[in-house]
Amino acid sequence: MARRRLVAGNWKMNGDLAALAELDGIAAAAAAAPGLDVAIAVPATLIMAAAARTAGLAIGAEDVHPAEKGAHTGCISVGMVRDAGGRFSIVGHSERRADCHETDAEVRAKAEALHRGGLSAILCVGETLAERDAGQAVQVVTGQLAASLPGGAAAGWLSIAYEPVWAIGTGRTPTVGDVAAMHGAIREELRALVGNEAERIRILYGGSVTGDNAAELLGAGDVDGALVGGASLTAAKFVPIIEAAA
Ligand code: G2H
């Protein structure tokens, strides 16, 4: 089944109001690629200004709290993201799983809160280098997926991002064969979890994607787009990835 590709940026803890000027070139490239979805997750401080600056790009958050509101100092809710003009959030990024000790159950609750609130989710899974070296990569990733997949998982609001932890920000990427094998395993696990809907849910690859390797990685089996960190911070680096995916 043909799935519409999604290229999503993840600015992480980078960017300020001046950096939003980069969105202009990115939006122009997105407009020139009507067959492609382009999205950018920005720090919470920038969601409102980023969403106001460009209608053509889906702007989102990098994380949300699962609760609607309450005593959760420093957190933002789905409703707050929506109110600021955000349309989605990343959940379960390995940096949050590591820095904030997020569990699969919490990731699942966050994704379900996004669905309840009418926003989309990009749910991240991925193995560490130690887990890959131990031959446990597929088991770890499909286990994370099974434990964090939200109820009601459907392509209309959910994408999966496979991000091997050891490839994030390191300049190292898995071989195309490894990527295809893992995406195939994720697809198979999705079939077991959600049946036919698995054919429609997009599986993105993330981890040191650049303009130089995007075409090759996007060409791997079952790769339906990319989640891009460092190379999404400037139009000069992100636009070639959009063009490779278009
Ligand atoms: C992985 C990725 C974006 P980078 O975290 O989610 O970052 O492209 O910098 O490896």
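Each ligand, and each atom within it, is numbered from 1 in the order the structure gives. Quantities reported herein were computed from a predicted structural model and do not represent experimental measurements.
Look at R3 and D222 and you find a salt bridge, because one of the NZ, NE, NH1 or NH2 atoms lies within 4.0 Å of a carboxylate O, short of that distance. Taking 4.0 Å as the cut-off between side-chain N and carboxylate O, E199 and R187 do not count as a salt-bridged pair. Remark: E112 does not engage R116 in a salt bridge, criterion side-chain N to carboxylate O under 4.0 Å.
At a 4.0 Å heavy-atom cut-off, ligand 1 does not touch T170 at all.
W157 places no side-chain N or O within donor-acceptor distance of the main-chain N or O of A121, the cut-off being under 3.5 Å.
Atoms of ligand 1 lying under 4.0 Å from at least one heavy atom of V228, given by number and element, are 3 (C), 8 (O). Shown in contact with H93 at under 4.0 Å from a heavy atom are these atoms of ligand 1, numbered in order with element: 1 (C), 5 (O), 6 (O). Contact atoms of ligand 1 toward L227: 3 (C), 6 (O) (distance under 4.0 Å to a heavy atom of the residue). Listed by number with element, the atoms of ligand 1 under 4.0 angstrom from any heavy atom of G230 are 4 (P), 8 (O), 9 (O). When each atom of ligand 1 is checked for a heavy atom of G207 under 4.0 Å away, the hits are 10 (O).
There is no path of hydrophobic side-chain contacts, each under 4.5 Å, that joins V239 to L36. Under the 4.5 Å side-chain heavy-atom criterion for Ile, Leu, Val, Met, Phe, Trp and Tyr, V125 and I203 are members of the same hydrophobic cluster.
From the protein, the heavy atom lying nearest to atom 3 (C) of ligand 1 is G229 N, 3.2 Å. Among all non-hydrogen protein atoms, the one lying nearest atom 6 (O) of ligand 1 is E163 OE2, 2.7 Å.
Geometrically, ligand 1 and G169 share a nitrogen or oxygen pair separated by less than 3.5 Å. By the 3.5 Å distance cut-off applied to N or O atoms, I168 is not counted among the residues near ligand 1.
In this comparison of K12, E95, E62, R172, the heavy atom closest to atom 7 (O) of ligand 1 sits on K12.
The aromatic rings of Y162 and H183 stand perpendicular to each other, their planes meeting at an angle above 60°, with 30° marking the opposite boundary.
A donor atom on one side chain and an acceptor atom on the other are not found under 3.5 Å apart for H93 and E62.
Using a 4.0 Å cutoff on heavy atoms, A231 does not count as a contact of ligand 1.
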